[in-house]
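Structure record follows, encoded as structure tokens.
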Amino acid sequence: MGAGHGHRLHYHGHSPIHRARPELKLLALLGFVLTVVATPIAWRPAFVGYLAALLVVVALSDVPATYLLKRMVVEVPFLVFAALLPFVSHGPRTDVLGVTVSEPGLAAAVGLAVKATLGVLASLTLASTTEPRDLLVGLERLRVPQQLVQIMSFMVRYLDVVGDELRRMRIALASRGFTARDPRHWPVIGRSAGALFIRSYERGERVHLAMVSRGYTGERQP
Amino acid sequence: MHVPDGFLDISTSVATGAVAAAGVGLALHRARRELDDRAVPLPGLVATFVFAAQMLNFPVGAGTSGHLLGGALAAVLVGPATAVLCLSVVLLVQCLLFADGGVTAIGTNITLMGMVAVVGASVVFWVLQSLLPKREGLVAPIAAVAAYASVLLTSVVFVALYAVGGTAPVPLDTLTTAMLGWHALIGIGEAVITGLVVASIVAVRPDLVHGARRVLKSRPVEIRTPGAPPAQEVAA
């Protein structure tokens, strides 16, 4: 399971990467990651080239390397999985640091780790150089169904509102002496989630009525 | 668990991408028919809820905790079509804005967590509800069973995808045992939490729960005329 998403990734800046058109950045990201995934892991120089290209983009973007490195923790569960691969795979055995592991498993683990790392770093670069609003504009220009983009824009807009609602509930619980320690406390958290759903749903209805009263008909206004 | 880049080979990723695109297209069409012009604000807010609900940590003990996946919960709360949309949007936002889950694996992630989990839960829920007595109190337990089934089903489909396009030569029986065993545990958490959340909503706003529509007793409006003694008013 991935970690929670507490904060957005966008890093304010005015670099050429920040200013590039969002649809181009999205296409570049997709093309880059598709190429990385399609490259056989035996072509080692190619991966060095990909990493170098990616690092050039990161350098151009003026986003501090530490900023990106800290946020690469989303990748940790897969690295753990990759680390397990050599031990559970079959095929000829080989010795690494005195431990017998599967040779194709080891190759696959290295491949997975390298490809996943390049993918995460490329995605992070996009997310940290593009405002969520611009990303949605980019998706729309790439002919992603408009309704889907609109739902996404609602989600992006209300993420902090609903997140804050959740935070207030947690503070209210904590100020009454509640600490969740084991499954006996699940009913309380379950009820919080239930209340959060009702509030989100009702907010959705209110927002819809407010939009209708301002002339919304289901079509996006130009 | 979000599938990262490089986990499945390129042809499998493209194939699941096509499946996901077709599924989302169908869900968009159906949601437009079900929700009319509410088809944007409501899924938007429900998607935000699913995203926030995934941030709620449920302590398991010994310092570890798990969180909800939400596919079955969304399916029971808002119906399959809207739930597919919500989960897909959550996965897209997590992929593009939070770099969680690979860009090339977005089709795989939407297919697994957005479609297999939601549709699987809906089918199990519908079948059980048809077989069992139509009682409001049974909505939450059935939702819990559907959540458990959806987690197991998702892990089975994941193993199947891996058998087709996996990049590591893991023996399939080992992988199947590991995935099913692990998800049999995760599923318990998902089932209990889904049941608790659905129960708490059915208790206060059963009209909002899509899965409770079939069992909700009709509640006719009672018109009371001023002056005449109220028929069944409890003294306050």
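Just so we're on the same page: letters track the sequence lines, and every chain starts at 1.
Counting non-hydrogen atoms of other residues, nucleotides and ligands closer than 6.0 Å to CZ of Arg32(B) gives a total above 12. Shown here is Arg44(A), whose CZ atom has no more than 12 heavy atoms of other residues, nucleotides or ligands within 6.0 Å.
Phe197(A) has its side chain within reach of Val78(B): a pair of non-hydrogen atoms, C-beta onward, lies under 4.5 Å apart. In this structure, Thr104(B) and Val36(A) have side chains that are not in contact, with every pair of non-hydrogen atoms separated by 4.5 Å or more.
Closest approach of Val197(B) to Gly190(A), counting heavy atoms only: CG2-O, 3.6 Å. Of all heavy-atom pairs spanning Thr48(B) and Phe154(A), the tightest one is OG1-O, 4.4 Å. Here the closest heavy-atom approach between residue Pro145(A) and residue Leu28(B) is recorded as CB-CD1, 3.7 Å. Of all the heavy atoms in Val192(B) and Trp186(A), the pair that sits closest is CG1-CE3, 3.6 Å.
Both the backbone and the side chain of Glu205(A) come within contact range of chain B, with heavy atoms under 4.5 Å apart. Within the 4.5 angstrom heavy-atom criterion, only side-chain atoms of Val212(A), from C-beta onward, approach chain B. Using a 4.5 Å cut-off between heavy atoms, Ile106(B) makes no contact with chain A at all. For Val50(B), no part lies near chain A; criterion is any non-hydrogen pair under 4.5 Å. Interface residue Leu26(A): only side-chain heavy atoms are found under 4.5 Å from chain B. Only the side chain of Leu29(A) comes within contact range of chain B, with at least one heavy atom under 4.5 Å from a heavy atom of that chain. Contacts of His185(A) with chain B are absent, with no heavy-atom separation under 4.5 Å from either backbone or side chain. Only the side chain of Leu135(A) comes within less than 4.5 Å of a heavy atom of chain B; its backbone N, CA, C and O stay farther away.
Among Leu148(A), Ile41(A), Leu139(A), the residue making the largest number of heavy-atom pairs under 4.5 Å with chain B is Leu148(A). For the set Leu73(B), Val93(B), Thr174(B), the count of heavy-atom pairs under 4.5 angstrom toward chain A peaks at Val93(B). Between chain B and the options Ala122(A), Gly163(A), Ser123(A), the largest number of non-hydrogen pairs under 4.5 Å is found for Ser123(A). Among the candidates Pro43(B), Ala53(B), Cys86(B), the residue making the largest number of heavy-atom pairs closer than 4.5 Å to chain A is Pro43(B). No other option in Arg184(A), Arg170(A), Arg199(A) has as many heavy-atom pairs under 4.5 Å with chain B as Arg170(A). When each of Met152(A), Arg191(A), Met211(A) is checked for heavy-atom pairs under 4.5 Å with chain B, Met152(A) comes out on top. Ranking Val14(B), Leu77(B), Asp9(B) against chain A, the residue ahead of the rest is Leu77(B), based on heavy-atom pairs under 4.5 Å. The candidate with the highest count of non-hydrogen atom pairs below 4.5 Å against chain A, out of Leu175(B), Val24(B), Val90(B), Ile201(B), is Ile201(B). Annotation: maximal heavy-atom pairing with chain A below 4.5 Å, among Leu8(B), Leu96(B), Val46(B), occurs at Leu96(B). Ranked by non-hydrogen atom pairs under 4.5 Å with chain A, the options Gly44(B), Pro4(B), Ser200(B) are led by Pro4(B). Counting heavy-atom pairs closer than 4.5 Å to chain B, the top-ranked of the candidates Val207(A), Leu196(A), Val120(A), Leu124(A) is Leu196(A).
Put simply, the residue from Val89(B), Leu92(B), Leu97(B) that forms a side-chain contact (heavy atoms from CB on, under 4.5 Å) with Met155(A) is Val89(B).
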Candidate pair Leu45(B) and Tyr201(A), rule side-chain contact (heavy atoms from CB on, under 4.5 Å), full reasoning:
CA-CA 6 Å; Leu45(B) 264 299; Tyr201(A) 193 97; over 6 Å; no
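Separating the CG atom in Asp5(B) from the CG atom in Leu112(A) is a distance of 10.0 Å, to the nearest 0.5 Å. The CD1 atom of Ile10(B) lies 4.5 Å from the CG atom of Leu34(A); values are rounded to the nearest 0.5 Å.
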